[in-house]
Amino acid sequence: TQVKNQLIDIFASMGFEIFEGAEIETDYYNFTALNTPQDHPARDMQDTFYLSPEFLLRTQTSAGQIHVMEKKQPPIKILSPGKVFRSDSDATHSPMFSQMEGLVVDQHITLCDLQGMLDQFVKALFSDEVKTRLRPSYFPFTEPSVEVDVSCHVCGGKGCSVCKGTGWIEILGAGMVHPNVLRMAGFDPEKCSGFAFGVGMERVAMLKYGIRDIRDFYTNDVRFLKTFSRFE
């Protein structure tokens with residue numbers, strides 16, 4: 001909750017509005033409208049909690065993008081926090097976790113705008129010395145797509161156990177909104193463009209406070225919770 005509030009404060013200071021979507025979504029908004037093919041592995045039963053052939057527990061807050069774009073014309077600048085659900089469970093993955101989706105759509109939006117915004121975000125979250133790095137990746141709803149790394153705030157990029165000796169920590173996925181997604185929402189990709197990003201709030205909390213097991217957030221162990229009273 002502390003990390004969620006901090007992230008909202010940071011992006012609200014940049015002019016983002018808050019949009020909270022529904023946790024039960026349709027297949028259309030969660031997958032089809034986000035340019036996810038019918039044969040994409042993310043649609044499989046072992047990854048997604050289906051309630052019926054049409055309805056499911058949302059696997060990403062990205063579904064909020066389409067709801068907003070269907071109702072609002074550019075410029076759009078929204079932040080969508082909330083719970084998401086995926087069939088996955090280990091020390092770094094949970095069947096339910098918190099995600100925060102960001103979307104900006106306007107004229108002449110570029111990848112440089114995305115990196116500039118992320119630079120400001122990580123400096124506000126960690127420190128002024130932290131830098132960002134973009135690596136090529138793939139997501140159905142963005143093109144080009146990137147994984148975003150930040151220089152390790154613990155060792156300053158020199159290499160330590162937290163960053164596994166690399167000096168960098170992966171923090172989120174992002175990219176330019178795919179033209180097909182803009183078309184599905186009724187926008188002309190020749191006239192507008194945008195970027196989107198998704199950050200796992202538990203992942204940020206784990207990095208910020210040195211937590212090694214995501215399951216600690218949900219066991220309600222009072223001893224664990226009391227260690228964060230000093231951060232209030």
Side-chain angles (χ1 to χ4, degrees), residues 1-16 60-62 79 81 84 86 88-94 97-104 109-139 142-176 195-219 221 223-232:
T1 299
Q2 292 177 29
V3 167
K4 174 184 176 181
N5 291 339
Q6 184 178 9
L7 295 182
I8 289 175
D9 287 345
I10 291 171
F11 286 110
S13 71
M14 299 183 192
F16 283 76
Q60 53 201 359
T61 49
S62 306
L79 195 67
V84 296
R86 297 178 191 174
D88 202 357
S89 181
D90 58 35
T92 57
H93 299 86
S94 170
F97 59 99
S98 306
Q99 196 177 59
M100 188 168 286
E101 177 84 10
L103 173 71
V104 174
I109 298 294
T110 69
L111 201 62
C112 291
D113 295 315
L114 170 62
Q115 183 159 23
M117 184 274 301
L118 292 175
D119 277 335
Q120 293 302 310
F121 160 59
V122 300
K123 289 182 189 309
L125 183 64
F126 295 112
S127 75
D128 289 339
E129 287 71 40
V130 174
K131 298 178 175 61
T132 58
R133 178 179 73 175
L134 306 186
R135 290 182 291 107
S137 187
Y138 167 77
F139 304 109
T142 52
E143 179 58 41
S145 303
V146 294
E147 296 281 1
V148 181
D149 300 332
V150 296
S151 57
C152 182
H153 61 286
V154 176
C155 66
K158 297 177 182 178
C160 66
S161 60
V162 174
C163 60
K164 299 179 181 177
T166 65
W168 295 91
I169 299 172
E170 180 186 325
I171 192 171
L172 59 89
M176 299 300 294
F195 64 72
F197 59 91
V199 56
M201 286 187 268
E202 283 88 351
R203 178 160 181 76
V204 172
M206 291 172 76
L207 293 173
K208 191 172 177 67
Y209 299 118
I211 299 165
R212 298 188 179 277
D213 195 323
I214 193 172
R215 292 169 292 195
D216 288 338
F217 291 121
Y218 304 110
T219 55
D221 187 325
R223 295 168 299 177
F224 173 78
L225 297 176
K226 282 183 176 179
T227 62
F228 296 95
S229 61
R230 67 183 185 278
F231 299 117
E232 293 178 354

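Bear in mind that the values here come from a model prediction, so they are computed numbers and not experimental data. Hydrogens, waters and symmetry mates are skipped; everything else that's a heavy atom, side chains included, is used.
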Between the side chain of T132 and the main-chain N/O of V150, is any donor-acceptor distance below 3.5 Å? no
Quick one: does V104's side chain get under 4.5 Å of F16's, heavy atoms only? yes
Any side-chain heavy atom of D221 within less than 4.5 Å of one from D216? no
Donor-acceptor list for residues 196-204 side chains, cut-off 3.5 Å, not counting sequence neighbours:
from: E202; atom 1: OE1; to: S98; atom 2: N; distance (Å): 2.8
from: E202; atom 1: OE2; to: S98; atom 2: N; distance (Å): 3.0
from: E202; atom 1: OE2; to: S98; atom 2: OG; distance (Å): 3.2
from: E202; atom 1: OE2; to: Y218; atom 2: OH; distance (Å): 2.2
from: R203; atom 1: NE; to: E170; atom 2: O; distance (Å): 2.8
from: R203; atom 1: NH2; to: E170; atom 2: O; distance (Å): 2.6

In Å, rounded to the nearest 0.5 Å, how long is the span from CE of M206 to CD1 of I169? 11.5 Å
Rounded to the nearest 0.5 angstrom, the CG-CZ distance for L114 and F121 is 11.5 Å
Minimal non-hydrogen separation, E101 against T61, with atom names: CB-OG1, 3.1 Å
Please tabulate, for the side chains in residues 3-15, all donor-acceptor contacts under 3.5 angstrom to protein atoms that are two or more places apart in sequence or on a different chain.
from: N5; atom 1: ND2; to: T1; atom 2: O; distance (Å): 3.3
from: S13; atom 1: OG; to: I10; atom 2: O; distance (Å): 2.5

Is the shortest heavy-atom distance from the side chain of F97 to the side chain of F217 under 4.5 Å? no
Determine, step by step, whether F195 and I109 satisfy the side-chain contact (heavy atoms from CB on, under 4.5 Å) criterion, reporting the C-alpha distance in whole Å, the side-chain angles of both residues, the deciding distance to 0.1 Å, and the verdict. CA-CA 7 Å; F195 64 72; I109 298 294; 3.5 Å; yes
Quick one, Q99 and P81 - any side-chain contact, counting heavy atoms below 4.5 Å? no
Counting C-beta onward and ignoring hydrogens, is there a side-chain heavy-atom pair between L134 and E147 closer than 4.5 Å? no
Residue pairs, two or more places apart or on separate chains, that pass salt bridge (charged side-chain N to carboxylate O under 4.0 Å, His left out) and touch residues 119-134: R133-D149
How about V146 and Y138: do any of their side-chain heavy atoms sit closer than 4.5 Å? no
With side-chain contact (heavy atoms from CB on, under 4.5 Å) as the test, would you mind laying out the steps for C163 and W168 before giving the verdict? CA-CA 6 Å; C163 60; W168 295 91; 6.0 Å; no
Could you grab the distance from atom CD1 of I214 to atom OG1 of T219, nearest 0.5 Å is fine? 12.0 Å
Does some side-chain heavy atom of I171 sit less than 4.5 Å from a side-chain heavy atom of F126? yes
Minimal non-hydrogen separation, A174 against T142, with atom names: O-OG1, 4.0 Å
Decide yes or no for C152 and C160: does some side-chain heavy atom of the first lie under 4.5 Å from some side-chain heavy atom of the second? yes
